[in-house]
J.: 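This structure is in structure tokens; I'll ask about it shortly.
What you see is a predicted model, and the numbers here were worked out from it, not measured in a lab. As a basis for the values below, the full set of heavy atoms in this structure was taken, side chains included, without hydrogen atoms, waters or symmetry mates.
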Amino acid sequence: MRRPTALAVTAVVCLAAALAVVPALRAEQIHRLGFAGRNTVLVRGDANVKVDENEHDVSTLSFKSQPSSEHLKLTLEAATGDAAFAHYYYDTPPAPVSDVLSAGVWVKSTKAGVQLRARVVFPKEPDPANPQAALTMLIVGKTSEKSRQWDKLTLDNVPDLVGKHLPVLQAKTGRAVNTTGAYVDRLVLNLYTGPGAVEVWVDDLEIGPVTAPAKPAATPGVTASITKNARGETQGRGRQVEQRGGQIFVDGKPFLFRAIRHTGTPLHVLRQAGFDSLALPADSSVALIEEANREGWLVMPTVPLVPARPEDDGRVSADRDRGGDEFSPVMQKFAGTDVLFWDLGGGRTGEESDRVFRTSDLIRRLDPRRPRGADVWDGFSGYSNFLDVVGAHRWPLFTNLDLVKYRDWLAQRKSLTADRATYWTWVQNHLPDWYVTQVLGQKPGDPFTEPIGPHPEQVRVMAYIALACGCRGIGFWSDRFLADSHQGRDRLQGMALLNAEIDMLSPVVLAARERTQWLDTNNPNVKAALMRGERGAVLLPIWFGPGTQFVPDQGASAALTVVVPLVHDGADPWRISPAGVECLSHQTTKVPGGTQLTIPEFDLVCPIVFTSDRPGLVAWWQDYTRKYGRLSAKWALDMAAVEYEKVATVHAKLVAMGVNVKAADTLFQQSTRFHEEARRQFAAELYDKAYQDAVRALRPLRVVMRDHWQQAVATLDTPTASPYAVSFFSLPKHWELFKEIQKTQPGANALPHGGFEFAGKVPNAGVRVDALPGWTARFGTLDRVNVAAGVVPSEKHVAKPDPKKPPVPVRGPFAPGREVVSPDTGYAAPVPELGQSLLRLDVRHRGEIARDGKPADISQAPLERTFLAVDSPPVKLPPGTLVRVSAWIKVPEEISGSADGALFYDDAGGEPLGVRLSVQPRWKQYHLYRRVPASGQIAVTLALTGVGTALFDDVKIEPMVPAPAAPGDDAGAARAGYRGAFNEVVPAGGPPRR
């Protein structure tokens, strides 16, 4: 099988691969500057020619790595000889002179000849001209040889350079120079390139190894000191942040932040991937904070809550200053940074609102202007009344919470949040701990030697769902899963592309004022979000196909059509990508109900903007793609190559196990052809076309993955029945489990009273669940609902088999001359044997009386927190025992107010691997295969989270025991008559080939 060759990795990817796995100590020894701050950092030094500084600023028009560089425009006088210089310098931490010392900086200039120099300090030698200072000298590094192109100036072999210049210095001092402890403390650029005007851009400086100074000093261009005004408020930050009207503003402009949690990845790698905000813990080191300042980050410091004080009785203490001292160190540590908002923690519940309010109030008095926010699980109405930024998140990948329900959940939380607060979310770009431990059998944080998820496509789809649901800020949970140690190179490149795309859309998204309107398309798996605003309308067609949270489908359509209502005359649709924008006005038609748009080539998500702002927005997009087009195409090319390798690796393992999919080799060849075509387009500098072909190269790979996954789950009642069927990358383990189950059969049910039967007749009013030994019920809510959980008579819920329909008779000359037997004659769909009673869970809105004494209308608002659950007694079995957990479930009508509906799960897999049902009008049996945890106990939970009814019966936990060998089957691999969740009898040779 021929595989595509990855292009040379981009700067971002190289840095991620090389540095994401470097120990933290070494990472701190390399000093870097990305010139991404708001202020300039290069300082004008001495010169022996006349220099007129016409411009000195931070430029976003040209840079080596996004988002900016430092730009100078000078006019230089003519000079005689080769000794002319015009110095600009940057002070660095001390870098001891040694064989491993090196420095580098990227420059671009309109004339060649920019030179890198460095100042060497000899601490044991006083300067004859200034005895109180140490002796110094300049050493000379590389000179640029290119004009109007980025060129890296380096400084290597520093001891040799010092030795080369030392005789000149000794001649001046008249004595031998003591070089003990010599170090470099300043990098100098000689910008003299000849007489006349010259423009220079500077980016990506680095020097190392360096030693951290005893006390961090202020870096030129970065405000590091802490000052207070007469009221004691901290001052001196570079960028002004405020929140108003549900939106964050930075320097007076609306801001859609793209945040990342920092857990060790070098900051310049994350910055180059397009992230602009950094979530940092309160105990972050000063060196890390200073690095964030140099890289131009907006910071989200996590602040611990004030301790609970019973004497305050849930109210702010009368001593309003009490507790302020607890925050002073944290506030002072971050006082010199650009704080986006103070983060009061994640997963906050309604019960914690008093402590969160106390903490928010203390921070407000110390820093009245900066927003305060928290990530909230429930209590949204209360929190959004005093917090400026309110977030909500959950991890849908690898669970039965499909992306439609994930969208509903995010939209419900947005509706519970007051409009005054900015709404945001964390997006899952990592494997949750339960997956790492249960599926992969590893410890969280360990490196991964085999390909793992999530897929970049899944992260992209979830990010756009978040935008469509009203999020005006997005955080991505893990930076570790973007590193090579976590098989994350493709995710890093996908995130870079996603951030660039969101950056292009943000002016229109932030201007949206109306609620999102969801539109149907000609593809039932695609729904389009429409957001209208002052600068145009954003249309986000998103793929919501079933199972995308497990393995993404091909997700493509040759001609996706959608009718967009109320499109203004003159507003053209523009397809947005970081490599190019395309006007689709020729693909529109006026139809009843609006404007019909046909997207010629849809792929998972296709952002479209309807706008008439051609001189403004469109021109800005075109400038943007000119800057980012080449880099975006390169990212897309390398991402396709990495994904190819990962898919091919797992596919080869599956084939070796006897599992294949139709036309897999042809699909890999198609991917290779698209990738090679993309490389040709890239070489021809047609970056938009190269980007599109690189995207096309991913589709055949998704077909291979999806076909493998569908084959694996075809005989499962639900994909989460097997912990290893929730991701393409764990399918080899799934087929190992498959073969193990085929060698066993269910033993005796070990769960007592799972049929919910009593000795006597159950009254119509029902019986409490705890009347069954070991069974218990629990309930929690913040909503105005009534709940009931009990064992009730089953007579009203008995299921009858569907009557068999005779085959449709064939008439005419081709009518058969004999009776035709229907293929399903003699087969009846299974129905439960309910016995006399079953378990019923009910949640109903509480009846309210209006002021006029009449019944009030029932609220249609989503439930904030309602959880009615019944827990079984634990079953004790040897740890590691393979068991089959099963239950019959019926949900007569659709459950409202909740995205989770009815739940059925066990201790081993937990809620993420459970069964979720919003409606199940007919009885259906669900089987889950699990291993008993190390505790030697396993139990089940039956729950209801929304308004409605859920029925359960015949709940079992059955150990899987060896089955007798079939006649003629010495290995005992084939089983006659066994039909379970894996409804196929496998030959002795292994899983079926398809």
Side-chain angles (χ1 to χ4, degrees), residues 434 438 720-721 746-781 787-794 797 832-843 866-891 900 902-917 923 925-945 949-961 981:
W434 66 262
Q438 294 186 42
T720 55
N749 179 24
L751 180 64
H753 308 292
F756 306 106
E757 299 296 329
F758 287 91
K761 184 177 180 181
V762 176
N764 291 334
V767 178
R768 289 170 57 96
V769 174
D770 54 15
L772 294 170
W775 288 79
T776 58
R778 52 195 169 97
F779 167 64
T781 189
V787 303
V791 179
V792 300
S794 63
H797 305 286
E833 298 179 1
L834 296 179
Q836 294 185 356
S837 52
L838 51 79
L839 175 67
R840 175 174 176 141
L841 303 182
D842 272 300
V843 174
T866 293
F867 189 77
L868 173 62
V870 171
D871 299 312
S872 78
V875 170
K876 296 183 178 181
L877 292 168
T881 301
L882 182 63
V883 298
R884 186 176 75 170
V885 182
S886 62
W888 284 90
I889 308 175
K890 180 180 180 180
V891 182
D900 291 282
L903 292 172
F904 165 54
Y905 59 92
D906 58 90
D907 287 353
E911 169 267 329
L913 288 175
V915 176
R916 282 180 173 80
L917 296 171
W923 283 101
Q925 189 177 28
Y926 289 89
H927 302 83
L928 308 175
Y929 286 87
R930 304 288 186 256
R931 293 195 184 275
V932 176
S935 63
Q937 296 189 147
I938 184 170
V940 298
T941 297
L942 316 167
L944 182 59
T945 64
T949 299
L951 308 174
F952 302 87
D953 199 14
D954 202 16
V955 184
K956 296 179 180 179
I957 299 178
E958 301 165 302
M960 302 300 290
V961 299

J.: When rounded to the nearest 0.5 angstrom, what is the spacing between CG in Leu877 and CG in Leu882?
T.: 11.0 Å

J.: Please name the pair of heavy atoms, one in Asp900 and one in Leu903, separated by the smallest distance, quoted to 0.1 Å.
T.: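 For Asp900 versus Leu903, the nearest heavy atoms are O-CD2, 4.1 Å.
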
J.: At their closest point, which heavy atom of Val767 faces which heavy atom of Ala771, and how far apart are they?
T.: CG1-CB, 3.7 Å

J.: Measure from the side-chain N and O atoms of Asp907 to the backbone N and O of Ala939, and report whether any donor-acceptor pair falls under 3.5 Å.
T.: yes

J.: Backbone N or O of Ala908 within a donor-acceptor pair of the Gln438 side chain at under 3.5 Å?
T.: yes

J.: Tell me, do Glu833 and Asp954 make a side-chain contact under 4.5 Å, heavy atoms counted?
T.: no

J.: Phe904 vs Leu928, test: side-chain contact (heavy atoms from CB on, under 4.5 Å). Steps then yes/no.
T.: CA-CA 10 Å; Phe904 165 54; Leu928 308 175; 3.9 Å; yes

J.: Give me the atom names and distance for the closest heavy-atom approach of Val791 to Val762.
T.: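 Heavy-atom minimum between the residues: O-CG1, 3.5 Å.
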
J.: With distance as the sole test, does Asp842 use its side chain to make a donor-acceptor pair with the main-chain N or O of Val787 at under 3.5 Å?
T.: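 No, Asp842 side chain to Val787 backbone: no donor-acceptor pair under 3.5 Å.
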
J.: Looking only at heavy atoms, which two atoms of Val932 and Gln937 are closest? And how far apart?
T.: CG1-N, 3.9 Å

J.: At what distance, to the nearest 0.5 angstrom, does CD1 of Ile938 lie from CZ of Arg931?
T.: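 Answer for the CD1-CZ pair, Ile938 versus Arg931, is 11.5 Å.
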
J.: Looking only at non-hydrogen atoms, find the nearest pair between Ala934 and Pro879 and report the distance.
T.: O-CG, 3.6 Å

J.: With distance as the sole test, does Arg768 use its side chain to make a donor-acceptor pair with the main-chain N or O of Thr776 at under 3.5 Å?
T.: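 Such a contact is absent between Arg768 side chain and Thr776 backbone.
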
J.: Tell me if a side-chain donor or acceptor on Glu757 pairs with a main-chain N or O of Gln836 at a distance below 3.5 Å.
T.: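 Side chain of Glu757 to backbone of Gln836, a donor-acceptor pair under 3.5 Å: yes, one is there.
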
J.: Asp953: what forms a salt bridge (Lys or Arg N to Asp or Glu O under 4.0 Å) with it, not counting sequence neighbours?
T.: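 For Asp953, no residue satisfies salt bridge (Lys or Arg N to Asp or Glu O under 4.0 Å) once neighbours in sequence are set aside.
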
J.: Could you measure the distance from the CE atom of Met960 to the CZ atom of Arg930? Nearest 0.5 Å is fine.
T.: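 These two atoms lie 13.5 Å from each other.
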
J.: Is the side chain of Trp923 donor-acceptor paired with the backbone N or O of His797 at a distance under 3.5 Å, no angle test?
T.: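 Between the backbone of His797 and the side chain of Trp923 there is a qualifying donor-acceptor contact (under 3.5 Å).
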
J.: Nearest 0.5 Å please: distance from the CG atom of Leu944 over to the CG atom of Leu841.
T.: 6.0 Å

J.: Applying side-chain contact (heavy atoms from CB on, under 4.5 Å) to Val792 and Leu838, what does each step give before you reach the verdict?
T.: CA-CA 6 Å; Val792 300; Leu838 51 79; 3.7 Å; yes

J.: Any donor and acceptor pair, going by atom type alone, linking the side chain of Thr720 with main-chain N or O of Gly914 inside 3.5 Å?
T.: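 Yes: the side chain of Thr720 pairs with the backbone of Gly914.
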
J.: Step by step, work out the side-chain contact (heavy atoms from CB on, under 4.5 Å) result for Val870 and Phe952.
T.: CA-CA 10 Å; Val870 171; Phe952 302 87; over 6 Å; no

J.: Starting at CG of Leu751, measure out to OG of Ser886 and round the result to the nearest 0.5 Å.
T.: 9.5 Å

J.: What is the distance from atom CG of Leu868 to atom CG of Leu942, rounded to the nearest 0.5 Å?
T.: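 Nearest 0.5 Å value for the CG-CG distance: 10.0 Å.
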
J.: Do Pro873 and Pro773 have side chains that get closer than 4.5 Å, going by heavy atoms?
T.: no

J.: Are Val769 and Leu839 close enough, and set up right, to give a side-chain contact (heavy atoms from CB on, under 4.5 Å), and what steps lead you there?
T.: CA-CA 8 Å; Val769 174; Leu839 175 67; 3.6 Å; yes

J.: Provide the full list of ring pair (Phe, Tyr, Trp, His ring centres under 6.0 Å) pairs with a residue in residues 747-776, sequence neighbours left out, each pair given once.
T.: Phe756-Trp775

J.: Under 3.5 Å, is there a donor-acceptor pair between the side chain of Ser794 and the main chain of Gly835?
T.: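 Yes, Ser794 side chain to Gly835 backbone: donor-acceptor pair under 3.5 Å.
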
